[in-house]
Amino acid sequence: RRELEKTRNQLTERKRIETALRQSENLLNQTGTIARIGGWEIDLVTNTVNWTQAARRIREVPDDYVPTLNQAIEFYHPDDQLIIRKAIAHCIDDGTPFDIELRLITATGKQLWVHVIGQSEWENGTCARLHGTIQDVTARRLLQDRLRHNEELLREAGSMARVGGWEVDLQTNEVYWSDITRMIIEVPDDFKPSVDQAIAFFHPDDRLPLSQAIQDAITDGEPMDIRLRLITAKGKQLWTHAIGKTEWRDGKCVRLHGTFQDIDHQKRIEDELRRSEQQLRHILETQTELVTRYRPDTTLTFANQAYLRVFG
């Protein structure tokens, strides 16, 4: 009777363990399905491949599908199959783990980006098993590609308009210049100036107004909007337009950032128009004929001296 009771207890404990394992496996499968993360294994002793339920669902194959190693690899994009083959080979040869992102073609023809991690398990100096995870990261990759495309568009737009960005971290006193800003100032791509070096690129007569604008922004949060002459690293003089605003934390200014634009061409046109207007005004003022200009609503906007002498 005692032996029978012992056997009954062992069976009960075994059922409890099996139930717990089944519940744990179900939870793992549910978690993997939600997170689109599956598990995989290559048993090098039996030469078999095992996929979890989530790994099968990523590839859109039936729950009872069991691939060979070649079939498993053929799910990857043709241009990426050599990458995964080399990763597996290195892992088997010397235990090098892998962590890569590859394109995968599902059983229904969808193309996904997947993140594959793998490591080896050794017995008696021989690699006996590879195992790891596979995750569908298509949404993240699409977002990264979209962000990269937007960054390229912004960079192209900034390059065409000659508009760059800048930032001063007041906690570390570090200065950041965007690629376009460095291009305008004609410095190398890896050039990182100090605050004093950045200010030194401006015309000597414009450094004090710039320093004052920076100080007003830091002290009072006053936005910056200032036109300045710049001397590039190659000695060219340009007119530039700097706009900046502040970022505050706990009542303290911690960051200045804004845009920086090469407006030299625009400034030259403005100066030329101003000179032309002055010349025209001079010609009109010295004319003996009466010259006036009216708006469509008959408002008088200009009268030369000859007209004023006659009509007051």
Side-chain angles (χ1 to χ4, degrees), residues 99 101 137 139-275:
D99 185 333
E101 291 191 0
V137 294
R140 174 172 62 77
R141 288 294 299 232
L142 290 175
L143 179 59
Q144 287 176 337
D145 290 344
R146 192 176 299 119
L147 288 173
R148 192 178 299 112
H149 178 65
N150 289 342
E151 287 173 358
E152 289 173 358
L153 287 178
L154 285 172
R155 194 177 298 113
E156 289 176 7
S159 179
M160 292 172 67
R162 302 274 288 176
V163 180
W166 61 271
E167 176 184 340
V168 181
D169 186 327
L170 297 173
Q171 295 179 306
T172 63
N173 215 33
E174 292 181 342
V175 177
Y176 164 78
W177 284 348
S178 70
D179 293 342
I180 306 302
T181 298
R182 286 193 290 266
M183 182 181 72
I184 292 171
I185 300 173
E186 297 187 312
V187 293
D189 292 341
D190 58 353
F191 182 75
K192 294 181 179 180
S194 65
V195 173
D196 289 340
Q197 286 174 324
I199 293 174
F201 276 102
F202 292 92
H203 190 283
D205 294 341
D206 291 350
R207 292 172 192 166
L208 183 58
L210 174 59
S211 297
Q212 188 61 54
I214 292 172
Q215 189 58 48
D216 290 344
I218 294 172
T219 305
D220 306 320
E222 188 72 24
M224 288 175 54
D225 191 334
I226 187 170
R227 290 186 171 196
L228 304 159
R229 288 164 293 179
L230 175 103
I231 312 297
T232 74
K234 295 182 180 180
K236 296 179 186 176
Q237 181 170 302
L238 304 173
W239 273 99
T240 60
H241 183 198
I243 296 176
K245 60 181 181 179
T246 57
E247 183 179 311
W248 294 69
R249 193 176 302 142
D250 299 326
K252 183 179 180 182
C253 183
V254 296
R255 178 172 170 256
L256 289 176
H257 61 102
T259 60
F260 184 71
Q261 184 175 15
D262 174 3
I263 60 167
D264 196 65
H265 182 65
Q266 175 187 333
K267 188 70 168 56
R268 291 178 188 277
I269 292 174
E270 289 175 357
D271 290 344
E272 185 61 35
L273 286 172
R274 192 175 298 109
R275 282 192 294 270

> I214 versus I199: any side-chain heavy-atom pair under 4.5 Å?
Replying inline: yes
>> Between D169 and V254, is there a side-chain heavy-atom distance shorter than 4.5 Å?
In response: no
> Would N173 and V195 count as a side chain to side chain contact (heavy atoms under 4.5 Å, CB included) if you check the C-alpha gap in whole Å, the side-chain angles of each, and the deciding distance to 0.1 Å?
Replying inline: CA-CA 7 Å; N173 215 33; V195 173; 3.8 Å; yes
> What do the steps show when you test L230 against F260 for side chain to side chain contact (heavy atoms under 4.5 Å, CB included), and what is the final call?
Replying inline: CA-CA 11 Å; L230 175 103; F260 184 71; 4.0 Å; yes
Quick one: [atom1] on [X] to [atom2] on [Y], what's the gap to the nearest 0.5 Å?
X	Y	atom1	atom2	value
K192	Y176	NZ	OH	10.0 Å
E101	R141	CD	CZ	5.0 Å
R249	R255	CZ	CZ	9.5 Å
E186	I231	CD	CD1	11.0 Å
I218	K252	CD1	NZ	10.5 Å
T181	W166	OG1	CH2	10.0 Å

> Who passes salt bridge (Lys or Arg N to Asp or Glu O under 4.0 Å) against E222, sequence neighbours left out?
Replying inline: none
>> If the condition is salt bridge (Lys or Arg N to Asp or Glu O under 4.0 Å), which residues does R207 pass it with, not counting sequence neighbours?
In response: none
>> Checking L228 against H203 for the side chain to side chain contact (heavy atoms under 4.5 Å, CB included) test, could you report, in this order, the C-alpha distance in whole Å, the side-chain angles of both residues, the deciding distance, and whether it holds?
In response: CA-CA 8 Å; L228 304 159; H203 190 283; over 6 Å; no
If you look at every heavy atom in [X] and [Y], which pair is closest and at what distance?
X	Y	result
L256	A217	CD2-CB, 3.8 Å
D179	R182	OD1-NH2, 2.7 Å
G165	S178	N-OG, 2.8 Å
F202	T240	CE2-OG1, 3.8 Å
G221	T246	CA-OG1, 3.9 Å
A213	I226	CB-CD1, 4.5 Å

>> Which label fits W177 and F191: parallel for a plane angle under 30°, tilted from 30 to 60°, or perpendicular past 60°?
In response: tilted
>> Counting only heavy atoms not in R227 (residues, nucleotides, ligands), do more than 12 fall under 6.0 Å from its CZ?
In response: yes
>> Applying side chain to side chain contact (heavy atoms under 4.5 Å, CB included) to V168 and L170, what does each step give before you reach the verdict?
In response: CA-CA 6 Å; V168 181; L170 297 173; 3.8 Å; yes
> Does a side chain donor of either D225 or H241 reach within less than 3.5 Å of an acceptor in the other side chain?
Replying inline: yes
> Is the shortest distance from a Lys or Arg side-chain nitrogen in D264 or K267 to a carboxylate oxygen in the other one below 4.0 Å?
Replying inline: no
